[in-house]
Amino acid sequence: MANPLEMLEASCTRLVRRMVSLPRAIMDQGLDLMRNHHQFPPPNVPHVYNHHPPLDHSINHLQPDLSFLSCFEQHFGIIHPFFYACRFVEALKMAQDEHKFVFLYLHLPNHPFTPHFCKETLCSEVVVQFLDANFVSWGGVADQGEGLHMATTLRPASYPFCAVVAPGSGHNLDVVQQMEGPVTPEELVEILQTILEEQQSAFGNRRAQAEEKRKADIRLIQEQDAAYAASLQADQEKMSKLENKAQHEENATANGQHSQILIRFPNGERKEKTFSSLDKMEAIFKFIDSLGIPGVGENYRLVSSFPRKVYGVDKGRMTLKDIGFVPLNSCYL
């Protein structure tokens, strides 16, 4: 039987792309446990590996993920990609918010290829720096907890098993590429770099669409606010006019300052109009002139009914109150 280290010379990496459905156990628990991802340090910040990111200690079933980190660091040290100690769906959410992929690693401790791959490839400086700068990394033990759920879903044909994944539609998981079997640090970085280059335009389009949607939402809110402000101002102006009119009418009624004038014309027509008691007689003459009644010439006079008085243009500067046309009167031409 060949030595496992010798078998590393022949890579058994498989590059595929497919869509799988996330297990209900992961989705259901994930929906209940989603927390603000800002509690975890961002990938580009230097990490302190002798302790794990803050966790909600009331969530007991996160222990398998902690077991993965404890097991990994016990055998291979604290210098490794920054694996987020959280639910898998939380890692997906963080990656989606940051427009990144998730680098998923399923750890099988007893597999003969595991020690060499972890020590020489996964913990190499070039891989650690590349993953921390460009991916959200998540790991699990392949035979327990969420790692077992993911292994059952992804069905690795060989180990070590790594995959680049992204959220799909609904509860689906988009497996962009998966790597099965041993790979060198250079091979792994080359594969990951190719994925980023091929998907850069897609991420760019998503960012552009998200930014355009954000701007459209802001414009819509601003337009709605402006429309509301204009409507409110119009209502206030209308209300103010109504209040002023009501106040004016109330004052006029109380003080008898309005005069209802009924005018009869030679052709039998009648016109009625309300004037202020402070209006001058010339306002009545202007009103008559504006009507354009046939048979009404330029030099006409008004005759009040009772008491009967005659008013010509020479009375134009006198107010209706002074003449006695308050509160109502009738006259004819």
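Just so you know, these numbers come straight off a predicted model, no measurement behind them.
In plain terms, the two heavy atoms of Pro167 and Gln96 that are nearest each other are CG-CB, 4.2 Å. Closest non-hydrogen pair, Leu106 versus Gly147, comes out as CD2-O, 3.9 Å. For the residue pair Gly139 and Phe83, the shortest heavy atom distance occurs at N-CD2, 3.5 Å. Leu131 approaches Ser137 most closely through the heavy-atom pair CB-OG, 4.0 Å. Between Ala283 and Phe275, the shortest heavy-atom contact is O-CE2, 3.9 Å. In plain terms, the two heavy atoms of Phe135 and Val102 that are nearest each other are CD2-C, 4.5 Å.
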Audit row: Leu192, Asn134, side chain to side chain contact (heavy atoms under 4.5 Å, CB included) steps and yes/no: CA-CA 9 Å; Leu192 298 176; Asn134 299 286; over 6 Å; no
Test log, rule side chain to side chain contact (heavy atoms under 4.5 Å, CB included), inputs Gln193 and Phe130: CA-CA 9 Å; Gln193 181 64 49; Phe130 192 84; 3.1 Å; yes
Worked check of side chain to side chain contact (heavy atoms under 4.5 Å, CB included) between Tyr311 and Met281: CA-CA 9 Å; Tyr311 304 94; Met281 279 294 294; 3.8 Å; yes
Verdict with reasoning, Ile263 to Phe287, per side chain to side chain contact (heavy atoms under 4.5 Å, CB included): CA-CA 10 Å; Ile263 306 171; Phe287 170 66; 4.0 Å; yes
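Ring geometry for Tyr84 against Phe82 counts as perpendicular: the plane angle is over 60°, on a 0 to 90° scale with 30° as the lower cut.
Distance check: Met179 CE to Leu104 CG gives 9.5 Å after rounding to the nearest 0.5 Å. Rounded to the nearest 0.5 angstrom, Lys100 NZ and Met94 CE are separated by 10.5 Å. Remark: Leu92 CG to Asp97 CG distance equals 11.0 Å, nearest 0.5 Å. For the atom pair CD of Gln177 and SG of Cys162, the computed distance is 12.0 Å after rounding to the nearest 0.5 Å. Taking CZ from Phe161 and CZ from Phe117, the interatomic distance works out to 11.0 Å, rounded to the nearest 0.5 Å.
For the pair Leu173/Thr153, no side-chain contact is recorded, criterion being any heavy-atom separation below 4.5 Å from C-beta on.
Between the Glu180 side chain and the Ala157 main chain, a donor and an acceptor come within less than 3.5 Å of each other. Ser240 places no side-chain N or O within 3.5 Å of a backbone atom of Gln236 that could act as its donor or acceptor partner. Trp138 contributes no side-chain N or O that, together with a main-chain N or O of Val89, makes up a donor-acceptor pair within less than 3.5 Å. For the pair Thr194 (side chain) and Glu190 (backbone), a donor-acceptor distance under 3.5 Å is present.
Among residues at least two apart or in separate chains, there is no salt bridge (Lys or Arg N to Asp or Glu O under 4.0 Å) pair with a member in residues 268-280. Residue pairs meeting the salt bridge (Lys or Arg N to Asp or Glu O under 4.0 Å) criterion with at least one partner in residues 219-236, sequence neighbours excluded, are Glu212-Arg219.
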Which donor-acceptor pairs under 3.5 Å do the side chains of residues 120-129 make with protein atoms, sequence neighbours left out?
from: Thr121; atom 1: OG1; to: Val183; atom 2: O; distance (Å): 2.7
from: Ser124; atom 1: OG; to: Thr121; atom 2: O; distance (Å): 2.8
from: Glu125; atom 1: OE2; to: Gln129; atom 2: NE2; distance (Å): 3.0

Identify all side-chain donor-acceptor contacts of residues 107-114 below 3.5 Å with residues at least two apart in sequence or on another chain.
from: His107; atom 1: ND1; to: Tyr105; atom 2: OH; distance (Å): 2.8
from: His111; atom 1: ND1; to: Phe113; atom 2: N; distance (Å): 3.1
from: Thr114; atom 1: OG1; to: Leu108; atom 2: O; distance (Å): 2.7

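Summarising the hydrophobic clusters (Ile, Leu, Val, Met, Phe, Trp, Tyr; side-chain heavy atoms under 4.5 Å, direct or chained), the residues clustered with Leu232 are Tyr228.
With sequence neighbours excluded, the residues satisfying side-chain hydrogen bond (donor to acceptor under 3.5 Å, both in side chains) with Asp322 are Thr319. For Asp217, the side-chain hydrogen bond (donor to acceptor under 3.5 Å, both in side chains) test picks out Lys213, with sequence neighbours left out. Residues passing the side-chain hydrogen bond (donor to acceptor under 3.5 Å, both in side chains) test with Glu237 are Gln233, sequence neighbours excluded. In this view, Arg214 and Glu211 satisfy the salt bridge (charged side-chain N to carboxylate O under 4.0 Å, His left out) rule, not counting sequence neighbours. Thr274 pairs by the side-chain contact (heavy atoms from CB on, under 4.5 Å) definition with His258, Gln260, not counting sequence neighbours. Listed by chain and residue number, Tyr300 satisfy the ring-ring contact (aromatic ring centres under 6.0 Å, His included) test with Phe285 (two or more places apart in sequence, or in another chain). Checked against side-chain hydrogen bond (donor to acceptor under 3.5 Å, both in side chains), Glu282 has the following partners two or more places apart in sequence or in another chain: Arg317.
Tested against Phe101 for a side-chain contact (heavy atoms from CB on, under 4.5 Å), the candidates Val165, Asp174, Val164 yield a single pass: Val164.
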